[in-house]
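Take a look at the structure below.
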Amino acid sequence: MSTTDSLPPAGLMRRLGALFYDCLIVIAIEMMAAGVVIAVLHALLAMGVFSVAPYADVSDLLTNHPFWSPVYTLYLAVVWIYFFVFFWTRAGQTLGMRAWKIQVRNADGSPISATQALIRLATSGFGLANLTVPFDPKKRGFHDIWAKTQVVVLPKVR
């Protein structure tokens with residue numbers, strides 16, 4: 001694997017473009033994940049296995065129940081986190097990063113660890129950490145500094 005010294009760091013606009021693409025993908029995945037839960041609960045309701053009373057419907061139950069609402073929210077958060085950790089630790093690229101030809105990696109060019117991916121997510125501020133890129137001499141985001149990672153522009157394939 002080549003080192004990141006030979007590859008230029010990714011700028012702010014490229015990072016934001018990839019983030020926008022990834023937001024669209026994550027929204028779609030979250031909708032599917034939520035749909036699976038709602039479909040299963042509706043099936044159980046139709047079979048008479050459980051009742052949503054005193055709630056109006058399944059959606060009201062998942063939104064307002066003191067136990068199931070936080071569990072459902074945690075489930076959706078885990079799906080969201082898993083998306084980024086999975087792609088960053090496998091190929092160093094989410095689907096949006098692949099489209100914008102950028103990759104997150106260690107300084108030696110190796111893939112980042114799950115711990116580094118979690119640190120990046122925890123310190124990313126939902127993408128706001130990228131706003132430090134224009135001010136850092138190495139064009140690193142705040143989350144890259146904390147996770148000890150680099151985002152580089154990949155060369156064009158010939």
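For the numbers below, each heavy atom of this structure counts, side chains included, while hydrogens, waters and symmetry mates do not.
No donor-acceptor pair closer than 3.5 Å links the side chain of Asn106 to the backbone N or O of Thr149. A distance-only check finds no donor-acceptor pair linking the side chain of Ser124 to the backbone of His143 [under 3.5 Å]. Looking at Gln93, its side chain does come within 3.5 Å of a backbone N or O of Ile102 through a donor-acceptor pair. Side-chain N or O atoms of Glu30 include one that pairs as donor or acceptor with a backbone N or O of Trp80 at under 3.5 Å.
In summary, the side chains of Ser59 and Asp57 do not present any donor paired with an acceptor at a separation below 3.5 Å, with no hydrogens or angles considered.
Inter-residue side-chain proximity for Arg140 and Val151 is flagged as unmet; no heavy-atom pair is nearer than 4.5 Å. Between Thr132 and Asp136 there is no side-chain heavy-atom pair separated by less than 4.5 Å. Put simply, the side chain of Tyr21 does not reach to within 4.5 Å of the side chain of Leu95, judged on heavy atoms. Residues Lys139 and Val153 form no side-chain contact, since every pair of their non-hydrogen atoms from C-beta on lies 4.5 Å or further apart.
Interatomic distance, CD1 of Ile112 versus CD of Gln103, reported as 10.0 Å (0.5 Å rounding). Put simply, CG on Leu44 and CZ on Phe50 are 6.0 Å apart, with the number rounded to the nearest 0.5 Å. How far CD1 of Ile119 is from OG of Ser113: 7.0 Å, rounded to the nearest 0.5 Å. Considering CG of Leu154 and CE of Met97, their distance stands at 8.5 Å, rounded to 0.5 Å. Taken from OG1 in Thr123 to CG in Leu128, the straight-line distance is 12.0 Å, to the nearest 0.5 Å. Atom-to-atom distance recorded for Gln150:CD and Leu7:CG is 9.5 Å, nearest 0.5 angstrom.
Tyr55 is linked by a ring pair (Phe, Tyr, Trp, His ring centres under 6.0 Å) to His65, counting only residues two or more places apart in sequence or in another chain.
Neither Ile25 nor Ile27 shares a network with the other; the hydrophobic side chains, linked directly or stepwise wherever heavy atoms of I, L, V, M, F, W or Y lie under 4.5 Å apart, form separate groups for each. Residues Met31 and Tyr82 are members of separate hydrophobic clusters, defined by side-chain heavy-atom contacts under 4.5 angstrom among Ile, Leu, Val, Met, Phe, Trp and Tyr. With hydrophobic clusters built from ILVMFWY side chains whose heavy atoms lie under 4.5 angstrom apart, Val104 shares a cluster with Val85. Taking hydrophobic clusters as Ile, Leu, Val, Met, Phe, Trp and Tyr residues chained together by side-chain heavy-atom distances below 4.5 Å, Ile29 shares a cluster with Trp88. Met32 and Phe86 fall within the same hydrophobic cluster, defined by Ile, Leu, Val, Met, Phe, Trp and Tyr side-chain heavy atoms under 4.5 Å apart, directly or through other members.
Minimum heavy-atom separation, Ala117 to Thr89: CB-CG2, 4.2 Å. Summarising the geometry of Leu45 relative to Val52, their closest heavy-atom pair is CD1-N, 4.0 Å, with the distance given to 0.1 Å. The nearest pair of heavy atoms linking Ala56 to Asp60 is N-OD2, 3.0 Å.
Taking the six-membered ring for Trp and the full ring otherwise, Trp68 and Tyr72 have centroids separated by 6.0 Å or more. Taking the six-membered ring where the residue is Trp, the centroids of Trp100 and Phe20 are separated by 6.0 Å or more.
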With side chain to side chain contact (heavy atoms under 4.5 Å, CB included) as the test, would you mind laying out the steps for Asp144 and Lys138 before giving the verdict?
-> CA-CA 10 Å; Asp144 293 317; Lys138 296 180 182 177; over 6 Å; no
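In this structure, Phe126 places its CZ atom where only 12 or fewer heavy-atom neighbours from other residues, nucleotides or ligands lie under 6.0 Å away.
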